[in-house]
2 protein chains.
Amino acid sequence: MKPTIYDVAERAGVSISTVSKVLNGRGKIGEATKARIFKVMKELQYQPNNAAMALTGKSTYVLGIVIPDLNNPFFAAISKSVESNARQVHYSSIICSTDYNPQREEEYLGLLKRQMVDGIIIASGFQEDTHLVKMVIEEEIPVVLIARDIPDILVDTVSIDDFIGGLIATKHLLELGHQRIGVITEPLKCGWERVRGYQSALHEWSIPVDESLIVSSESSIEAGREAANKLFSRVDPPTALFATNDLLAISAIQVIRDKGLHVPEDVSVVGFDNTILAHLVNPALTTVSQPMTDMGAQAVNLLLEQIRNKEHTRKRVILIPELVVRGSTGPPHKVPQ
Amino acid sequence: MKPTIYDVAERAGVSISTVSKVLNGRGKIGEATKARIFKVMKELQYQPNNAAMALTGKSTYVLGIVIPDLNNPFFAAISKSVESNARQVHYSSIICSTDYNPQREEEYLGLLKRQMVDGIIIASGFQEDTHLVKMVIEEEIPVVLIARDIPDILVDTVSIDDFIGGLIATKHLLELGHQRIGVITEPLKCGWERVRGYQSALHEWSIPVDESLIVSSESSIEAGREAANKLFSRVDPPTALFATNDLLAISAIQVIRDKGLHVPEDVSVVGFDNTILAHLVNPALTTVSQPMTDMGAQAVNLLLEQIRNKEHTRKRVILIPELVVRGSTGPPHKVPQ
DNA sequence: CTGAAAGCGCTAACAA
DNA sequence: TTGTTAGCGCTTTCAG
């Protein structure tokens, strides 16, 4: 049997409450006893029982992280960062992949509540599930949102400026001389923000927005290919593409290639996220970089702050994305007349 | 305050033990009372408290999964599969990335014990840490190993036949006409098994093994590039490369390209794992496929079996890998004289 | 500075 | 079929 606080107390010749105090660094305990208790804890390899601690109303030292898909390197990177930052302050993380399914999100949130996690980091962003997030917040469970935002709720968020991201991606293309720029976006808030940035850039260059060049697609390889197909099967395909994440961008590149076109000679492509994928493909992908490691770290910080001091003021941390120019973009093949 | 079993009992006009029995489907309870209790549980949105359940000596319904790196799509896929299969039977998963660091593995195992997980799936494979795994097993915590094996311990494992994997990858290259085939492998047990397969294939074709063509590299892009550099800076570079995972294969492809060579015209490359990366790169990577989804599912099954019936006989599930031929391999450019 | 005792929410004998 | 009761391991007043 694993040693309990009783075993430690007995062996050290003190009461369990003394041990408890030493354990939590609370109350005033004589240096001598303290040392003795620590010694016994080592000897017995004592590990406090988390379940008991949790039951007594304290923390579980577990936090939940809800993402859409672990197979998307962007979310894998976020998760890894969160997990690693959390571990450094002795928190474990339960990672949940919702597969972009609001119902699963609901299930997971329930699971995490049962598990009595001390806080939840939500990085899955649906339009239709804001009520879920609200419910969690109303139950006073600390929450931090990553890469999304719910305007009408007071909640900590860490995100990047998606609008700016879309803007700089599009400007890059415009500066290269492209006029007809297609867009493939995920049907998420942040995706549409990026599209707004795209539109704004076009405005600035006095180029009318052609809505038919904007298509929405789920974030999977298959869906991305389909969307790209739609765009590049037109009689007047765009000369450049802005995809709101790397996965979509790369799926599109495949389709473009299948059609016998070259990247970037015939079509320039810029992605978003700067995941591991971006510099693994050939040509390497020009993309808008999100500081995923930072974002994870920031999220953990905000969450801990909430956990430790219930009534802290809500914050929005907004990081600025950067354009990383690589091989997938270049001037258009032939300038449209 | 969240409703407890007492609230439910009171509102339903029964005792808490009756509620408990209904909750766990134990004992004989009248249909009427049962229905009433269920109804009250809905009304109150009652969620049993996991910590209390855990404390009472039952399961925590949490399991741990230890992997080297979530940024490697292979492990992300494994984790996702485990997590999703676990969830279906109401288990949460704590995912831990050790970053290939045995010390962190030790920390994590400690964390998971404290957390009183019901079982642990270990997919990080070091040579030097078998004692850690042994310790866990001795503490009677259910364990399943994925993609590794510790011959001198009785433990459930699910893995693929790495030897066969290396064999078929190499044979493919040999059949295409390659004679000088380089290898980049991770310094792990499974990596060396794959190399054994490679050697065996060469033997079969009566080609002597040139040890200098076999280099070992950590599984990261940077390390992979370095290893590839070593191989392709030789005066007599190989005409084909077998990398023991996709990440290494793709890093190598980049290096090959940097040197002005073409894949597969000048150098053929075959990878291992068949991760999402393999069909995202261009040319798509010929690779040995590991059924990651299956592996995760099998691992969860084995673990549950152990959890539910302590004294079950240990099993080794060995899956057979398959070669997926794509664009990165072809006949050698010029046949060596 | 240290200890006794009352729970936290739930399960599991044992009674009724 | 249902209820009573004694813990699980720990924290936390409240007394000494």
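Quick note on labels: first sequence line is chain A, next is B, and so on, each numbered from 1. Values below: all heavy atoms of this structure, side chains included; hydrogens, waters and symmetry mates excluded.
- Not a single donor-acceptor contact under 3.5 angstrom links the side-chain atoms of B:Ser17 to the base of C:dT11.
- Side-chain atoms of B:Pro48 lie closest to C:dC10 of the nucleotides D:dT11, C:dC10, C:dT2.
- Using a 3.5 Å distance cut-off with no hydrogens or angles, the side chains of A:Thr60 and A:Asp118 do pair a donor with an acceptor.
- Which of C:dC10, D:dG9, D:dT2 sits closest to the side chain of B:Ile29 comes down to D:dT2.
- Proximity of a side-chain donor or acceptor of A:Ser81 to a complementary backbone N or O of A:Ala77 within less than 3.5 Å is not detected.
- Of the candidates D:dC8, C:dA4, D:dT2, D:dT2 carries the atom nearest the B:Thr33 side chain, counting heavy atoms from C-beta on.
- Pairing each heavy atom of B:Leu132 with each of B:Pro102, the nearest pair is CD1-O, 4.0 Å.
- With the nearest nucleotide of DNA chain D identified for both A:Ile5 and A:Lys21, A:Ile5 has the one nearer the 5' end.
- Between the CD atom of B:Gln115 and the P atom of D:dC10 there is a distance of 14 Å, rounded to whole Å.
- Atom CD of B:Glu10 and atom C1' of C:dG9 are 15 Å apart (whole Å).
- Note: CD1 (A:Ile16) to P (D:dC14) measures 18 Å, nearest angstrom.
- A:Leu23 places its CG atom 8 Å from the P atom of D:dC10, with the value rounded to the nearest Å.
- Following rounding to the nearest Å, A:Met53 (CE) and D:dT11 (C1') show an atom-to-atom distance of 9 Å.
- Note: OH (B:Tyr61) to P (C:dC10) measures 14 Å, nearest angstrom.
- The residues A:Glu107 and A:Arg104 are annotated as not salt-bridged, no charged nitrogen and carboxylate oxygen being separated by less than 4.0 angstrom.
- Comparing C:dC10, D:dT4, D:dT11 against the side chain of B:Ser15 picks out D:dT4 as the nearest.
- Both A:Lys28 and A:Tyr6 lie close to DNA chain C; mapped to their nearest nucleotides by heavy-atom distance, the more 5′-ward contact belongs to A:Lys28.
- Under a 4.0 Å N-O distance rule, the pair B:Asp7/B:Lys2 does not qualify as a salt bridge.
- Put simply, NZ on B:Lys2 is 9 Å from P on C:dC10, counting in whole angstrom units.
- Regarding contacts with the backbone of D:dC8, every side-chain N or O of A:Asn49 stays at 4.0 angstrom or more from both OP1 and OP2.
- Taking atom CD of B:Glu31 as the reference point, atom P of D:dT2 lies 10 Å away to the nearest angstrom.
- Across all strands shown, B:Val19 has no heavy atoms under 4.0 Å from either base or sugar-phosphate atoms.
- Side-chain atoms of B:Thr18 stay outside donor-acceptor range of the base of D:dG3, with no qualifying N/O pair under 3.5 Å.
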